[in-house]
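Remarks on the structure that follows.
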Amino acid sequence: MEPRASQSGDWFEDETARSGIEFIYETGRSAKQYTILETVGGGVGFFDFDLDFRLDLYAVGGGDVDETTATPRGIPGRLFRQESDGEFGDVTTAARLPASTDYSHGIIAGDLDNDGFPDVLLTCYGECQLWWNLGDGTFESAAEIAGLATPGWHTAAACVDLSGDGILDLFVVDYVNWTPSTDNRTSEQATPHDVPPPDEFGPSPDHLFVSLGDGRFTEASAQAGIRTDGMGLGVLAADFNDDGAADVYVANDVVGNHLYWGGTDFPLQETAERSGVAFNETGNPEGSMGVDAEDVNGDGLPDLWVTNFELEDNSLYLNLGGGLFQHSTVRMGLSGLGRTLVGFGTGIQDFDGDGWPDLYVLNGHVQYHSPGSPFRQPAMLFRNDAGRRFKDLTPRGGPWFSFPHSARGGAVGDWNNDGAVDLAISSLDEPLAMLRNRQTAARCLRLRLVGTNSPRDPIGATITFERQGHPITRLMKSGSGYLSQSDSRLIIPLEVTSEFVDISVRWPSTLHESFRVPAVPGDHVLVENCGTAKD
């Protein structure tokens, strides 16, 4: 089976070869130990590490597994710098990134020390990696000095100021309590030869690392009331209730999801069950992986989207206000469309520039010999029909969408700065894919928000603006998707005849400002305390 040929109406074109990026996320599957470790996969990160207004990319490496003991070993990832629009060069060695890591899964980038340059956290089975961006094109490894070298099975992470001091903290989710010694099966004993389910191993507690402001972090999980009964694979930080404080949502496998409301004091308030986002519409936990949030129905409230295991619909929770959500997968036309698939990477993004955020979902099974579904599965693409319903647009996704993959992490970002949002996708044991958005490039602004009282990367900020009389809300968030870092710029479409666009920003400091921005396509920077204060 081969991907179909490119067609004129396709939304995405595979430009991996032209990009110069050649990389494969490795799992250790060839050892035939059938470990749960090799099912999680890895992500990819879009961030501008050298501040030249062109996105660079980090590809997470994964690892291999010993053929006898199932002991994992990490394989380093690679950093690719964008040299010209859409073309990248490997600068891993020049950037002084470590030549070895533990078995790696996720990447998150954020300005953790407020110096203006994005730093990097790599999540691993073993110890997380922290790389300080020195601002000269190089990084410094500092996890141990920073107090982040905590052993465990760390999967996803988000940057978020939960302590209220104006400096980003780190929320790191862990998966299950697996070790090679707890997995006592051998390939001969496994009947059939396949991966065990997560509930055989039990939960592993999540971590909140609070910044001390001097490059070090201290674990405050107990003080903040972070639950210890999750099996985390996804985490998202954003302001879900429009109070200015960033909140945190955790997508758990097998057990209920968690929702923490941000505020000024610890412990945090966890209300996922009461808010209606812990379970599906029948009150049962699901196998949740990827997570994202945006206002999909145009009511100004951020909605939550979660991808799930096979025989479970992916979950869209519409925000009702007042800290309450309603499971609305059926109402929004998404029921049944991915029920035979296992959803991982995902994103809510306005791919066609019409002001309404669309959806993509990456799929791939965790078992190699599942009787009901193949290991490699097709991705899906959905167009938002003016906030009323989503329509399946997968047949027009392009050749990459026509062919099954064992896909996991995906990042969205306008890597060629043409106004149309592109994709980078990491799959298990197959080449990383770079998909260029072929939609007519929108006349758009790319907004970079810079905090002063808030963290310099103001995770939790919310912007609103109008287009064709329709109010649009966008979120500054961290952790969206699955194990990946997406473009932190907020991309907003412009009206054809507009000379200015009025943008309202609610900062994490709770300051509410308005900015009148010239309707000149390209990158614009909005700095806190430089707008007009609003009541």
Side-chain angles (χ1 to χ4, degrees), residues 15-16 18-23 43-60 77-97 107-122 130-141 159 168 349 411-424 432 434-437 441-452 455-459 461 476-478 480 484-492 517-518 520-528 530:
E15 293 205 349
T16 308
R18 193 183 78 82
S19 75
I21 293 177
E22 296 182 17
F23 193 81
V44 60
F46 274 137
F47 60 105
D48 180 11
F49 85 90
D50 54 358
L51 302 188
D52 64 354
F53 288 95
R54 291 190 293 213
L55 290 178
D56 309 303
L57 181 142
Y58 184 86
V60 179
R78 310 299 293 176
L79 176 64
F80 297 91
R81 179 181 182 271
Q82 189 171 177
E83 298 170 343
S84 60
D85 289 347
E87 297 181 4
F88 296 78
D90 189 335
V91 295
T92 310
T93 301
R96 297 169 59 183
L97 291 180
I107 177 175
I108 203 74
D111 190 354
L112 297 172
D113 54 3
N114 278 349
D115 68 349
F117 291 90
D119 310 298
V120 173
L121 182 79
L122 192 70
L130 173 65
W131 302 327
W132 291 119
N133 189 334
L134 301 182
D136 60 359
T138 68
F139 291 81
E140 179 182 8
S141 184
C159 303
L168 292 175
Q349 187 65 238
V412 296
D414 183 9
W415 83 62
N416 56 1
N417 285 340
D418 69 350
V421 184
D422 313 300
L423 288 170
L432 186 149
M434 299 289 286
L435 306 184
R436 180 179 64 83
N437 191 338
R443 186 169 179 258
C444 73
L445 303 181
R446 291 182 294 272
L447 299 180
R448 181 187 172 203
L449 304 187
V450 177
T452 54
R456 191 175 180 92
D457 279 353
I459 305 302
M476 185 77 177
K477 52 198 176 183
S478 179
S480 59
S484 297
Q485 171 69 46
S486 290
D487 191 350
S488 63
R489 298 173 299 180
L490 303 179
I491 299 177
I492 66 173
V517 181
V520 178
D523 287 278
H524 296 257
V525 179
L526 303 185
V527 180
E528 187 177 15
C530 292

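Along the sequence shown, the residues carry numbers beginning at 1. Only this structure's heavy atoms are used, side chains among them; waters, hydrogens and symmetry mates stay out.
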Determine the minimum heavy-atom distance between D487 and G413, stating which atoms define it.
CB-CA, 3.4 Å

With salt bridge (charged side-chain N to carboxylate O under 4.0 Å, His left out) as the test, would you mind laying out the steps for R18 and E87 before giving the verdict?
CA-CA 7 Å; R18 193 183 78 82; E87 297 181 4; 3.6 Å; yes

Test item: S484 side-chain N/O and G43 main-chain N/O as donor-acceptor pair under 3.5 Å:
no

With a 4.5 Å cut-off on side-chain heavy atoms, are I21 and R78 touching?
no

Within the 4.5 Å heavy-atom criterion, are V450 and R456 side-chain neighbours or not?
yes

Write down the atom of R443, the atom of P521, and the distance for their closest heavy-atom approach.
CG-CG, 3.6 Å

Drop me the distance from D457's CG to F47's CZ, to the nearest 0.5 angstrom.
12.0 Å

Taking the side chain as every heavy atom from C-beta outward, state whether F46 and V44 have any atom pair closer than 4.5 Å.
no

N417 and R54, any side-chain heavy atoms less than 4.5 Å apart:
yes

Could you walk me through whether L134 and F117 pass the side-chain contact (heavy atoms from CB on, under 4.5 Å) test, one step at a time?
CA-CA 8 Å; L134 301 182; F117 291 90; over 6 Å; no

Nearest heavy-atom pair of C444 and I491: which atoms, and what distance?
SG-CG2, 3.9 Å

State, with a plain yes or no, whether a side-chain heavy atom of D111 is found less than 4.5 Å away from one of D119.
yes

In Å and rounded to the nearest 0.5 Å, what is the CG to CG distance from D136 to D50?
11.0 Å

Under a 4.5 Å cut-off applied to non-hydrogen side-chain atoms, are L97 and S141 in contact?
no

Rounded to the nearest 0.5 Å, what separates atom CE in M434 from atom CG in D422?
7.5 Å

Heavy-atom closest pair, residues S486 and V412
OG-N, 3.0 Å

Report the residues that fulfil ring pair (Phe, Tyr, Trp, His ring centres under 6.0 Å) with Y58, sequence neighbours left out, ordered by chain and then residue number.
W131

How many angstroms lie between atom OG1 of T92 and atom CG of D90, to the nearest 0.5 angstrom?
3.5 Å

Mind running side-chain contact (heavy atoms from CB on, under 4.5 Å) on L122 and V60 for me, showing each step along the way?
CA-CA 8 Å; L122 192 70; V60 179; 3.9 Å; yes

Any side-chain to backbone donor/acceptor pair from Q485 onto A109? Under 3.5 Å, distance only.
yes

When rounded to the nearest 0.5 Å, the distance separating OG of S19 from CG of N416 is 11.5 Å

Do the non-hydrogen side-chain atoms of L55 and R489 ever get within less than 4.5 Å of each other?
yes

Any chance you could measure Q349, atom CD, to D414, atom CG, to the nearest 0.5 Å?
9.5 Å

If you count heavy atoms of other groups shown closer than 6.0 angstrom to CD of E83, is the number above 12?
yes

Would you call the rings of W415 and F88 parallel, tilted or perpendicular, taking 30° and 60° as the class edges?
perpendicular

Check L449 against A461 and note the closest heavy-atom contact, atom names and distance.
CD1-CB, 3.9 Å

So I107 and V120, do their side chains get closer than 4.5 Å, heavy atoms only?
yes

Kindly assign one of parallel, tilted or perpendicular to the pair F139 and F49, based on the angle between their ring planes and the thresholds 30° and 60°.
tilted

